[in-house]
Amino acid sequence: MSELKVYNTLSRQKEKFEPITPEHVGLYVCGPTVYSDVHLGNCRTFISFDIIYRHLMYLGFKVRYVRNITDAGHLEGDRDEGDDKFSKKARLERLEPMEIVQRYTVGFRKVMEMFNNLPPTIEPTATGHITEQIIMAQQIIDNGYAYVVNGTVYFDVEKYNKEKPYGILTNRKLEDLLEGTRELGGQDEKKGRLDFALWIKAGPEHLMQWPSPWGMGFPGWHIECSAMSEKYLGKQFDIHGGGMDLAATHHTNEIAQSQACYKTSPVRYWMHTNMLTVNGVRMSKSAGNGFLPEELFSGSHPLLEKAYSPMNVRFFMLQTHYRSTLDFSNDALQAAEKGLKRLWDAYDFLMKMEVHTEKPEGTDVELDSKVRKLVNEFDEHMNDDFNTARVLASMFELVPVINSIKDKTIANNAISSDTLLLMQSKFKNYLEDVFGLKPMNEADNTKLQGVMQLLIDIRKESKSKKDFATSDKIRNQLTELGITLKDEKGGEMSWSID
RNA sequence: GGUCCUGUGGCCGAGUGGCUAGGCAGAGCUCUGCAAAAGCUCGUACACCAGUUCGAAUCUGGUCGGGACCUCCA
């Protein structure tokens, strides 16, 4: 099989993936800040990394996948003087901060499950790792890269930059970054304009606060990921991921903190997923163009023409590369829905096909090798920086072959048994194991199946007697109930729930 | 202003120095009691202007347009 290539934000190019420890991969993804519902744009990132996680496992790696829950310390605004997001929300809703955290954590996990995302192997919380964050901040102070002012600990960006390029991840020079920032105001206590807080002094109004060597306070936003990734994956690990919007600040600061603390670059491969847009504009809470997953599944949002199932949405995302922006639209989602149905119908039939060994001489050599080539391309495409869209394209090229065998336009022994088995296993590997798709309608209720079989028998009988009134009635009434009955070639009938 | 991404056929979207991406929609045909599904065939696209090249939509430069980040955000 081809080697895995991964686009590394640090080098701005695709690189051969080589884990630090053979056969093991340490993967860290920045999770949600649980002070409100996740919207679809957030979900895109987690779905992308779920597929990356699944593919790494498919390749045989043992993966430790850490995705944090940020439940403390995330500030409003850039000046490290805003309110803790959880306290603010809690005050608004008259709840304990941890009630907010609990509510949205539960909601987040539920949404992840609906999208069929696998849970990470470790899902640590910021509040559960306060000690680790304090220890890390202290070490950075001891190493000379942070200073304390009035109970708050700041990271000294300019000092750090003298030894290591601070803007390395997004290819920015410190001078340029300084130009883009505002002047320090009179109330500022930090030394440099780019300095950010590792630990923030809490006032009496802060509902969440912990004791520290610098007094009561709470952790800064960036330190939690550095502390937790080090704890579970080590001072240097393989892949760190997140949305592209995090690269310039959050991830840049993570690199600086870890480097200042442990004297090593924390991450080998930085991976960033692109944004989901609506009418070309990034989906975000502030833009007011975000859909909640529930609104999508129920079709209740004004921008939605209808409801879209979680698998429909997941498939829609798979058709685009993770590093491209993806524009949301009803037309695109409906096109994806139809495409998925056609692909899944073919897949269903493929898995029911049985190997025919009695007439191996009937193999159509040309067709057989074409099929093998397309199937083997799945691995190639996925190993080329997780190109799910190309894998799907190859699959769709095989759909007519499968359907032709179904319609008996192509003999069922035109494809060798080896090739059929290969096709079955690779389709399953990718569609279910790697892409994480599952049947949308589990029409596996045995009683319903019995009833349907009865109706099919009656319809067959009436058709054979040319009693089309009865046969049409059965089909039409089922259609009204949301069940599609189809006459297949050869007199068989099949049905599916819409 | 700085850093970067991007502009593909009706729509969504891959990708590449020369070879059909794919999906959806549309047209024709086949199959069919009808319907649906399915199969076959079809559009021959890559913002604009120069340049490099035997050859560029793919590389370089410029023009115009869109977007992200530099401020909380996946």
Side-chain angles (χ1 to χ4, degrees), chain A residues 9 12 29-33 35-36 38-49 74-79 82 85 167 170-173 175-182 194 221 241-250 252 272-277 280-287 290 315-316 319-321 323-343 345-346 349 381 384 387-397 399-404 406-410 463 466-468 471-472 475-476 479 484-489 494 496:
Chain A
T9 308
R12 269 155 272 123
V29 174
C30 289
T33 304
Y35 64 93
S36 65
V38 285
H39 63 242
L40 196 63
N42 302 312
C43 292
R44 183 186 183 199
T45 293
F46 301 128
I47 290 171
S48 294
F49 281 105
H74 208 155
L75 292 168
E76 301 278 337
D78 65 322
R79 312 210 293 209
K85 278 186 176 169
T170 49
N171 194 29
R172 272 170 246 218
K173 293 193 184 76
E175 306 83 71
D176 298 334
L177 286 167
L178 284 166
E179 265 180 45
T181 355
R182 75 188 219 303
L194 293 169
W221 173 30
M244 264 180 191
D245 50 340
L246 298 180
T249 45
H250 184 53
T252 290
H272 292 97
T273 56
N274 215 134
M275 300 292 109
L276 181 72
T277 61
V281 181
R282 173 184 170 186
M283 179 179 285
S284 69
K285 253 165 263 173
S286 51
F315 180 78
F316 166 66
Q319 285 183 303
T320 308
H321 188 87
R323 280 189 289 109
S324 297
T325 54
L326 172 60
D327 197 56
F328 176 93
S329 73
N330 282 285
D331 286 349
L333 229 18
Q334 283 164 29
E337 185 172 43
K338 288 180 187 172
L340 173 59
K341 185 176 186 320
R342 194 162 81 93
L343 180 61
D345 284 349
F349 180 76
H381 294 322
D384 183 13
N387 198 330
T388 54
R390 282 300 288 255
V391 177
L392 288 175
S394 297
M395 284 183 173
F396 271 111
E397 287 199 60
V399 167
V401 176
I402 296 168
N403 285 333
S404 294
K406 183 182 184 182
D407 289 348
K408 301 186 167 55
T409 323
I410 295 177
K463 272 186 72 174
K466 301 226 185 282
D467 175 11
F468 296 123
S471 63
D472 284 352
R475 189 177 61 199
N476 293 340
T479 304
T484 305
L485 196 63
K486 289 187 293 191
D487 293 351
E488 301 290 347
K489 293 211 167 65
S494 67
S496 61

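Order of the sequence lines sets the chain letters (A, B, ...), proteins ahead of strands, with each chain counted from 1.
A search for side chain to side chain donor-acceptor pair (under 3.5 Å) contacts involving A/D245 returns A/R282, not counting sequence neighbours. Here A/S329 pairs with nothing under the side chain to side chain donor-acceptor pair (under 3.5 Å) rule; sequence neighbours left out. With sequence neighbours excluded, the residues that form a salt bridge (charged side-chain N to carboxylate O under 4.0 Å, His left out) with A/D472 are A/R475. Take A/D467 and apply the side chain to side chain donor-acceptor pair (under 3.5 Å) test, not counting sequence neighbours, and it matches A/T470.
When the side-chain nitrogen and oxygen atoms of A/N387 are compared with OP1 and OP2 of B/A14, none of them lie within a distance under 4.0 Å. Under 4.0 angstrom from either OP1 or OP2 of B/A14 there lies at least one side-chain N or O belonging to A/S324. Considering only side-chain N and O atoms, A/N42 lies under 4.0 angstrom from the phosphate OP1 or OP2 of B/A74. One finds a side-chain N or O of A/N171 lying less than 4.0 angstrom from the OP1 or OP2 phosphate oxygen of B/C4.
Within the nucleic acid shown, A/T409 has no heavy atom closer than 4.0 Å to any nucleic acid atom. Across all strands shown, A/T273 has no heavy atoms under 4.0 Å from either base or sugar-phosphate atoms. Within the nucleic acid shown, A/L276 comes within 4.0 Å of at least one base atom, counting heavy atoms only. The residue A/G242 sits close only to the backbone: its heavy atoms come under 4.0 Å of sugar-phosphate atoms, none of a base. Using a 4.0 Å heavy-atom cutoff across all strands shown, A/M275 reaches at least one base atom of the nucleic acid.
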Protein-to-nucleotide contact annotation, 5' to 3' order, nucleotides 20-31 of chain B [B base; S sugar-phosphate only; - none; under 4.0 Å, heavy atom]
-BSSSS-----S
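Atom CG of A/L246 and atom C1' of B/A74 are 6 Å apart (whole Å). If you take NZ of A/K408 and P of B/A38, they are 17 Å apart, rounded to a whole angstrom.
Scanning atom types as modelled, no donor and acceptor separated by under 3.5 angstrom connect the side chain of A/D176 and the base of B/C70. With hydrogens and angles left out, the side chain of A/R475 and the base of B/A35 share a donor-acceptor pair within 3.5 Å.
The main-chain N or O of A/A247 is found under 3.5 Å from a side-chain atom of A/T252 such that the two form a donor-acceptor pair.
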Under the rule of Watson-Crick or G-U wobble with both distances under 3.5 Å, where | means paired to another strand and [ ] a crossing pair, RNA chain B maps to (((((((..(((.....[...))).(((((.......)))))....(((((..]....))))))))))))....
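The shortest heavy-atom contact between A/T9 and A/H272 is OG1-ND1, 2.7 Å.
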